[in-house]
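Single-structure report; data block below.
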Amino acid sequence: MYDFAKIEQKWHRKWSEQNIYNTPDNPTKKFYLLEMYAYPSGDIHIGHFRNYGVGDTVWRYLRMNGYDLLHPFGWDAFGLPAEQAAIKHGLPPREWTIKNIETGKKTIQELGISYDWDREIRTCEPDYYKWTQWVFLKLYQAGLVYRDTSTVNWCPSCKTVLANEQIIGGKCWRCDSIVEKRELEQWFIKITDYVQRLLDDLDKLEGKWPQNIITMQRNWIGRSEGGEFDFPIDGTDIILPIFTTRPDTIYGVTFMSVAPDAKIMKKILPYISTDRQNAIGEYIKTALNRTEIERSTESSEKDGVFTGLYAINPFDGEKVQIWVADYVLASYGTGAVMAVPAHDQRDFEFAKKYNIPIKVVIQPKNTQLNPDEMTEAYTDTGIMVNSKLFDGTFSTDGIGKVIEYASQKGIGRKKITYRLRDWLISRQRYWGAPIPMVHCDKCGTVPVPEEQLPVLLPQEDKVDFIPKGRSPLSDVPEFVDVKCPKCGGPAKRDTDTMDTFVCSSWYYLRYLDPHNEHQAFAQSEAKKWLPIDLYIGGAEHATGHLIYSRFVHKVLFDLGYIPKECGDEPAKRLFNHGMVLDEHGDVMSKSKGNVISPGKLIEKIGIDATRVAMLFFAPPEKEILWSESAVKGAVRFLTRVESLFGKSPQSKEIPDVNSLTDSEMVMLKSLHRTIKRVGEDTRPDRMQFNTAIAGLMEFLNILPQDFGPEHKLYYTVADNFVRLLAPFAPFIAEELNEKLGFDKNVFTRNYPKYNENLAKIDEIEIGVQINGKLRGTINISTDASQQTALELASSDSKISKWFEGKAIRKVIYIEGKILNIITK
RNA sequence: GCCGGAGUGGCGGAAUGGCAGACGCGAUGGACUCAAAAUCCAUUGAGGUAUAACCUCGUGUGGGUUCAACUCCCACCUUCGGCACCA
């Protein structure tokens, strides 16, 4: 093995002296390269290294291709684990966080990733969260922030509310506790105001973002077209509006269902007769106590209670029962549905259980539906029946016609509903950016004026971190008691802190201008660098961070903080790297003890070999199972490279092409083909690093055994090879570059260029098929005629014996690809 | 249940209509060595008594389109992700 430690230490030192990772002030050919910043958990494992290694490879390739790069890094430094550490170990959150950042940063620096550390950001520092609060105020001024009391998701263990995006299968994303419901007053951001744009603009990202992320976002947004119809409640002046995607089934309504926690329940309750009120109150109470998990596991058994009230179908005046049922979601549509048991499976099950009539209004083509015999709802299309003036209309046409009719009569309208909910951002925790709002008895909620930002977190020694179900900040009088910014009277600060997804929704903007004390970022800097040209990170952020940041970007764009020419999407291209699992396919975790630490690996085989192994393993978007044995190939490869090209050339002369012998010519041509292939595979729009490295290995395999510094082409070959290798194995490439006599840093040299003529293959072995079966191969020039190909095939007895004496019916000849002879 | 991805030697993978298995790991044999490690060379999809030549089969399964299919189309199986009473 070559002395990687010596080489890597040497260039670590030199590169840091040369500041090669600094961002140029005035980019001419700009490229904003970004990897998702990190949560400072303390250990950088091999999965992180994959993320950063992919980015670093791109950086080095682009740098050699003359790009001016912005390649920053930072820390998602707020969040719960810091507080938990405080509770468990008595370590203040800030201290714990900073310690972890320092460890993580040290590891990343040891790995030699090309970050410009002058632009490092830490979201827990006042000079950052001042601007997170500023972003909040901008959202507020744009009318996108509101406070609302509603049923929210509550994690009993973290003792805080959670956003929809932070619940995975009914459980808390952090601690796996089963999420409960609570009614609380919380801060929301109206992301739903932007929902259609967030959906439409996904089209702009088509082909540039991974398809699965786009699809996941589309599903998450969940646009449904349909109609909203007003059902008056009999004997009251309440209108019960409902949303449906099947207006064509409106005449099939036999009851109504309202969610127990629907807002409209409060209006309905007073009208419910006293003898029923208790039962209904009881039902609502138990329904709300059921967790999402309970509700979904018991999903086959739907239940509910009749309210004793009736709704009037505005189309035919028919009276139908109103039920409270917990299969209806309060937070979707109006929290109430029209139930059509004949044509909706859920309504069908409910109707069967409570003996509610089933009325068929859609008849399929081939069979005749009979309500008494139906075992499940018929949800497909068909002809509308029992539907008065719509009888005979095909259901898909009926949808539009029913809506049109309702609009004319003023009983309904076309309506689009989305699955996406508003963004709940308050957290009852200490370690986050305080929400810059003040509650004044006289003036109501008053935003903190911009010039008073940041609203600083109180000293940690004044705070008790033990969760009590309210923000720890609310027990700190110095923090809470404040003068109202408007009237100067006594007022109280809001004590919630912001969801960390607010911090991360705009961090890529702070990198543009991280030391600006007067602005979040200057427009002039935004103009230089935005948008992000390539954003690299894991797919787990598909419906969280990647939607929030698109949203915040659009708001700041609309407000004019992001210049027009930067566009209203943050990232042009997105790339998801695959996960690194252990050799059994398990996720690496401290508790399993299967974590591969890059630190240990680089001690053993060096940074370059670790990088090459990781990149060669599989294409970067695929998940990989890490195994020790695969690393050997990388070590062997680099050792071979070092022993081949680690010698000074005898001559630096570039020989004239005409002076080369045939075998030298073969070598030169192979070199140019390698430059072409490796260059294309390394490009950031391809990132086929595994095949690029294979190309380099293949090239080494064609070199003659005695290839060395005395060879006429040694200098040419070594020089080009080293530059092709540089993005993958930067340290050894730099060392060999120096040995070749370059005093210029390899990354400031140009990426090799190939000569089209030399890269061209002029003679190639192609397959010869007889009737589609491969029978042999011929060597043929790539521009030879079909006639020549046939002659060559005929002159080869191994091939010709298959068609000799038979009549040839057809010949297919594709230059440089195949010859197929079809006989009778 | 719905949406999306994936299925190729002993293993990771390559080929996106044109010689399936590039490249690497592992394995086997050989060279070097007192020996081992390292290194180098050769062989390595399965089968046909088979490392002369040759033939057959082979990319999850079954059909189809085509001169030609890992690649395109249809159905299914397995598997991994996402969503999941969204009306």
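Reminder, nothing fancy here: chain letters follow the sequence lines and each chain counts from 1. Keep in mind it's a predicted model, so treat the numbers as computed, not measured.
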(message) Let me check I have this right: for RNA chain B, each base becomes ., (, ), [, ] or |, based on Watson-Crick or G-U pairs with both distances under 3.5 Å. What is the full string?
(response) (((((((..(((.....[....)))((((((.......))))))((((.....))))..(((((..]....))))))))))))....
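- For A:Thr543, no side-chain nitrogen or oxygen approaches OP1 or OP2 of B:G82 to under 4.0 Å.
- Taking the side-chain hydrogen bond (donor to acceptor under 3.5 Å, both in side chains) definition, one finds that A:Lys414 meets it with A:Glu225, sequence neighbours left out.
- Among A:Thr244, A:Thr249, A:Asp248, the one residue that satisfies the side-chain hydrogen bond (donor to acceptor under 3.5 Å, both in side chains) test with A:Arg246 is A:Asp248.
- In the displayed structure, A:Lys604 atom NZ is contacted under 6.0 Å by at most 12 heavy atoms of other residues, nucleotides or ligands.
- Using cut-offs of 30° and 60° for the angle between ring planes, the A:Tyr354 and A:Trp323 rings count as tilted.
- Between A:Phe243 and A:Tyr332, the angle of the ring planes goes over 60°, which puts this pair in the perpendicular group of the 30/60° scheme.
- Summarising the geometry, the separation between CD on A:Glu228 and P on B:A87 is reported as 14 Å, rounded to the nearest angstrom.
- For A:Gln688, the side-chain contact (heavy atoms from CB on, under 4.5 Å) partners at least two apart in sequence or on another chain are A:Asp681, A:Arg686, A:Asn690, A:Thr691.
- Across B:C57 and B:C2, the matching C1' atoms stand 40 Å from one another, rounded to whole Å.
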Would you tabulate the nitrogen or oxygen pairs shorter than 3.5 Å linking the protein to nucleotides 17-19 of chain B?
| residue | atom | partner | partner atom | Å |
| --- | --- | --- | --- | --- |
| B:G18 | O2' | A:Lys817 | O | 3.2 |
| B:C19 | N3 | A:Glu765 | OE1 | 3.3 |
| B:C19 | N4 | A:Glu765 | O | 2.6 |
| B:C19 | N4 | A:Glu765 | OE1 | 3.2 |

(request) Would you give a per-nucleotide map of nucleotides 3-12 of chain B, 5' to 3', where B means the base has a protein non-hydrogen atom under 4.0 Å away, S means only the sugar-phosphate does, and - means neither? (result) S--------B
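- Rounded to an integer number of Å, the gap from CG of A:Asp248 to P of B:A87 is 13 Å.
- Note on A:Arg677: every side-chain N or O is 4.0 Å or more away from OP1 and OP2 of B:A14.
- Mapping A:Gln705 and A:Ala694 onto RNA chain B by nearest heavy atom places A:Ala694 at the nucleotide closer to the 5' end.
- Ranking B:A15, B:C85, B:A87 by closeness to the A:Thr691 side chain, first place goes to B:A15.
- A straight line from CE of A:Met256 to P of B:A87 spans 16 Å, rounded to a whole angstrom.
- Within 90° of 0 lies the glycosidic angle of B:U49, which makes this nucleotide syn.
- If you take CD of A:Gln688 and P of B:A22, they are 17 Å apart, rounded to a whole angstrom.
- At whole-Å resolution of the value, CD in A:Glu642 and P in B:U39 are 14 Å apart.
- Of the side-chain N and O atoms in A:Asn690, none sit less than 4.0 angstrom from OP1 or OP2 of B:G24.
- A:Asp344 pairs by the side-chain hydrogen bond (donor to acceptor under 3.5 Å, both in side chains) definition with A:Arg346, not counting sequence neighbours.
- Taking atom CG on A:Asn701 and atom C1' on B:A14, their separation rounds to 15 Å, with Å as the unit.
- Partners of A:Ala259 by side-chain contact (heavy atoms from CB on, under 4.5 Å), not counting sequence neighbours, listed by chain and number: A:Asp261, A:Ala262, A:Val328, A:Ala330.
- Here the C1' atom of nucleotide B:A14 and the CD1 atom of A:Ile693 are 14 Å apart, to the nearest Å.
- Nucleotides B:G64 and B:U71 have their P atoms positioned 14 Å apart, rounded to a whole Å.
- Put simply, CG on A:Leu615 is 17 Å from P on B:G24, counting in whole angstrom units.
- Close to B:A84, at under 4.0 Å from its OP1 or OP2, lies a side-chain N or O of A:Arg419.
- With sequence neighbours excluded, the residues satisfying side-chain contact (heavy atoms from CB on, under 4.5 Å) with A:Lys352 are A:Phe348, A:Ile358.
- Base contact: A:Arg421 has a heavy atom under 4.0 Å from a base atom.
- When the side-chain nitrogen and oxygen atoms of A:Arg636 are compared with OP1 and OP2 of B:U39, one or more of them lie within a distance under 4.0 Å.
- Here the separation of B:C3 from B:G21, taken at their C1' atoms, is 33 Å to the nearest Å.
- In this structure A:Trp220 satisfies the side-chain hydrogen bond (donor to acceptor under 3.5 Å, both in side chains) test together with A:Glu165, sequence neighbours excluded.
- A:Asn313 pairs by the side-chain hydrogen bond (donor to acceptor under 3.5 Å, both in side chains) definition with nothing, not counting sequence neighbours.
- Contact annotation: A:Tyr327 side-chain N/O to B:A87 OP1/OP2 distance is not under 4.0 Å.
- For the side-chain contact (heavy atoms from CB on, under 4.5 Å) test, residues two or more places apart in sequence or in another chain that qualify with A:Ser331 are A:Arg421.
- In this structure A:Phe231 satisfies the ring-ring contact (aromatic ring centres under 6.0 Å, His included) test with no other residue, sequence neighbours excluded.
- Distance from the side chain of A:Lys632 is smallest for B:G26 among the nucleotides B:A87, B:G24, B:G26.
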